[in-house]
Amino acid sequence: RWEEERYPEGIKWKFLEHKGPVFAPPYEPLPENVKFYYDGKVMKLSTKAEEVATFFAKMLDHEYTTKEIFRKNFFKDWRKEMTSEEKSTITNLSKCDFTHMSQYFKAQSEARKQMSKEEKQKIKEENERLLKEYGYCVMDNHKERIANFKIEPPGLFRGRGNHPKMGMLKRRIMPEDIIINCSKDSKIPAPPPGHKWKEVRHDNKVTWLVSWNENIQGSIKYIMLNPSSRIKGEKDWQKYETARRLKKCVDKIRNQYREDWKSKEMKVRQRAVALYFIDKLALRAGNEKEEGETADTVGCCSLRVEHIKLHPELDGQEYVVEFDFLGKDSIRYYNKVPVEKRVFKNLQLFMENKQPEDDLFDRLNTSILNKHLQDLMEGLTAKVFRTYNASITLQQQLKELTNPDDNIPAKILSYNRANRAVAILCNHQRAPPKTFEKSMMNLQSKIDAKKEQLADARRELKSAKADAKVRRDEKSKKTVESKKKAVQRIEEQLMKLEVQATDREENKQIALSTSKLNYLDPRISVAWCKKWGIPIEKIYNKTQRDKFAWAIDMAEEDYEF
DNA sequence: ATGCTCGACTCAGAAAAATTTAT
DNA sequence: TATAAATTTTTCTGAGTCGAGCA
């Protein structure tokens with residue numbers, strides 16, 4: 001079994017064979033009748049300029065294309081692709097008219113939807129062929145699914161939030177950009193005809209199969225294995241085992257940081273307050289970021305004075321800290337938290353004589369914090385607290401919310417509520433679905449209809465009972481029984497709908513999947529399912545069952561995180 | 001020691017695609 | 001029963017974390 005350690009320190013595999021990546025399809029120029037207009041006049045673009053223009057045209061309905069930075073970055077990069085003639089003509093983006101191009105793409109996608117069954121089937125088969133050929137590799141003795149075997153196509157960079165590089169051109173990746181990683185004794189993948197790989201290497205200290213440099217941030221991108229693979233699953237399992245080790249010593253660590261709030265050293269106090277936030281609020285570590293290269297977001301260690309407000313008293317509570325900042329992916333974190341007096345006093349001290357844009361923890365960074373954590377427990381880092389607190393919260397909430405007498409849908413509602421508690425803790429949010437209001441109304445009208453149906457069924461039952469009382473024969477007794485069953489069935493259906501409505505309403509802006517996939521020890525969920533006889537499919541879909549296969553056959557109903 | 005950069009990996013929500021349900 | 005709408009699942013790729021290596 002792969003759960004057992006089989007590799008020497010740092011060695012990730014002994015044998016690795018794969019077919020290399022799938023490249024983005026080449027650009028297909030627009031048909032002659034699709035026009036681009038500049039300053040009201042038709043203009044035929046060179047192929048390169050046209051390709052980049054289509055990227056913009058395809059996004060025309062998106063809010064991005066109205067943003068100043070997006071337009072500026074796009075225009076700058078687009079001009080680099082133009083011929084000198086085009087460059088001298090096209091000098092103002094506002095005079096460019098992409099609407100015809102945009103309409104053409106909309107018509108295309110409409111046509112795609114209207115394709116016949118046979119055509120759709122053909123495309124499906126082609127995708128399956130591609131997956132079969134390029135979607136798998138052999139790592140040691142297993143055939144494993146590859147996560148992202150397709151190279152990202154060229155396009156316009158879309159950052160999250162207020163990203164300074166939004167709209168820049170993401171260039172096309174060629175075989176000459178690609179580094180292949182595989183074992184020496186494997187069949188080396190062949191580059192496309194007429195091309196060469198940048199490099200072929202044989203590094204079994206890393207898990208990736210393919211890498212390339214990306215031109216926006218200058219970072220490296222990788223092709224790696226699917227979460228269902230041994231190499232990812234084993235790592236995932238280890239992550240939860242580390243979090244369980246933290247469970248054993250978390251009380252000691254908490255006592256320690258509470259002591260440190262009183263330390264003579266500023267650095268130690270800051271470390272202790274930051275750790276308290278990470279533990280209590282499940283904040284991310286907060287590495288420093290290069291200014292101007294990315295959106296302005298922060299985590300715990302990079303919090304600035306402007307991100308918190310101190311309220312000696314607020315709404316009847318003492319010592320309230322009000323957090324308001326943008327975290328990962330520019331998701332807003334807003335929270336009012338009552339804290340211990342010592343924490344409050346320390347925060348006042350840290351903020352003394354500082355400007356709003358100054359660091360709150362000026363003597364602290366993630367490296368200092370993680371070094372300290374390493375001393376407290378082997379393998380302990382800031383993110384382990386998130387995993388630990390998420391998993392322990394799920395376990396405890398499940399214990400609290402599961403009612404043994406509930407039916408399966410009600411128990412699943414309890415599960416979702418426990419999951420939701422974790423998502424809220426971790427601040428996993430989503431944009432409310434576009435159709436949310438409408439979908440709630442539909443559900444409500446279904447509930448109303450069901451209620452009426454129930455009332456009818458009850459009336460029928462009543463009259464059947466009266467009838468049976470008079471006639472006192474077998475046949476009318478049977479009628480009563482069947483009417484009773486009908487009422488019960490409808491009651492159950494109604495209840496199911498009401499549960500669904502509650503669940504959906506509570507879930508409006510909460511994203512459950514991130515915590516489910518990355519923070520909750522799956523063995524807790526598996527054990528809960530076993531304990532209450534809930535089919536695992538009700539909790540995990542196919543992908544999730546594949547990812548958590550290790551937990552599904554490992555955990556028994558008495559598993560404790 | 002310390003700080004900085006880079007590489008490799010995990011984690012993140014949006015969007016597209018597939019599937020299910022309603023009409 | 002075909003089509004459209006709603007919902008769920010999968011894909012996509014950007015955004016973090018964290019440790020190693022180097023000056």
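Nothing here was measured: the structure is a model prediction, and the numbers come from that model.
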Rounded distance in Å - CH2 (A/Trp237) to P (B/dT10): 16 Å
Sugar-phosphate, base or nothing in reach of A/Ala147, heavy atoms under 4.0 Å: nothing
N or O in side chain of A/Lys434 less than 4.0 angstrom from B/dA14 OP1/OP2: no
A/Phe323 and A/Phe325 aromatic ring geometry - parallel, tilted or perpendicular at 30°/60° bounds: perpendicular
Test item: A/Lys547 side-chain N/O and A/Leu517 main-chain N/O as donor-acceptor pair under 3.5 Å: yes
Donor-acceptor pair between A/Asp362 and A/Gln270 side chains, under 3.5 angstrom: yes
Whether over 12 other heavy atoms sit under 6.0 Å from A/Lys247 NZ: yes
Helix axis bend for the helix from B/dT2-C/dA23 to B/dT23-C/dA2 - C1'-based end axes, five pairs, 10° rounding: 0°
ring-ring contact (aromatic ring centres under 6.0 Å, His included) partners for A/Phe157, two or more places apart: A/His163
Aromatic plane relationship, A/Phe74 with A/Trp78 - under 30° parallel, 30 to 60° tilted, over 60° perpendicular: parallel
Those residues of residues 274-289 of chain A lying under 4.0 Å from DNA chain C by at least one heavy atom: A/Arg284, A/Ala285, A/Gly286, A/Asn287, A/Lys289
Members of residues 169-176 of chain A that approach DNA chain B, where some heavy atom sits under 4.0 Å away: none
A/Lys328 side-chain N/O to C/dA15 phosphate OP1/OP2 under 4.0 Å: no
Enclosure of A/Lys289 NZ (heavy-atom neighbours >12, cutoff 6.0 Å): yes
5' priority, DNA chain B, between A/Ser211 and A/Asn427 [closest heavy atom]: A/Ser211
A/Phe149 and A/Tyr134 aromatic centres sub-6.0 Å: no
Would you tabulate the nitrogen or oxygen pairs shorter than 3.5 Å linking the protein to nucleotides 16-22 of chain B?
from, atom 1, to, atom 2, distance (Å)
B/dA22, OP1, A/Lys446, NZ, 2.9

Sugar-phosphate only, base, or nothing, as touched by A/Pro227 at under 4.0 Å among non-hydrogen atoms: nothing
Touch class at under 4.0 angstrom, heavy-atom based, for A/Tyr222 against every strand present: base
Main-chain N/O of A/Asn181 paired to A/His18 side chain as donor or acceptor, under 3.5 Å: yes
Sugar-phosphate, base or nothing in reach of A/Ile216, heavy atoms under 4.0 Å: nothing
Plane angle bin for A/Phe56 and A/Phe98 - parallel if under 30°, tilted between 30 and 60°, otherwise perpendicular: tilted
Test item: A/Thr65 side-chain N/O and A/Leu60 main-chain N/O as donor-acceptor pair under 3.5 Å: yes
Sugar-phosphate, base or nothing in reach of A/Arg201, heavy atoms under 4.0 Å: nothing
Nearest heavy-atom neighbours spanning A/Ser302 and A/Asn287: OG-O, 3.9 Å
A/Tyr415 ring center within less than 6.0 Å of A/Trp528 ring center: yes
Between the protein and nucleotides 1-6 of chain C, are there any N/O to N/O pairs under 3.5 Å, and if so, what are the atom names and distances?
from, atom 1, to, atom 2, distance (Å)
C/dA6, OP1, A/Lys438, NZ, 2.5
C/dA6, OP2, A/Lys438, NZ, 3.4

For atom CD of A/Gln217 and atom C1' of B/dA8, their distance in whole Å: 16 Å
Sugar-phosphate, base or nothing in reach of A/Ser367, heavy atoms under 4.0 Å: nothing
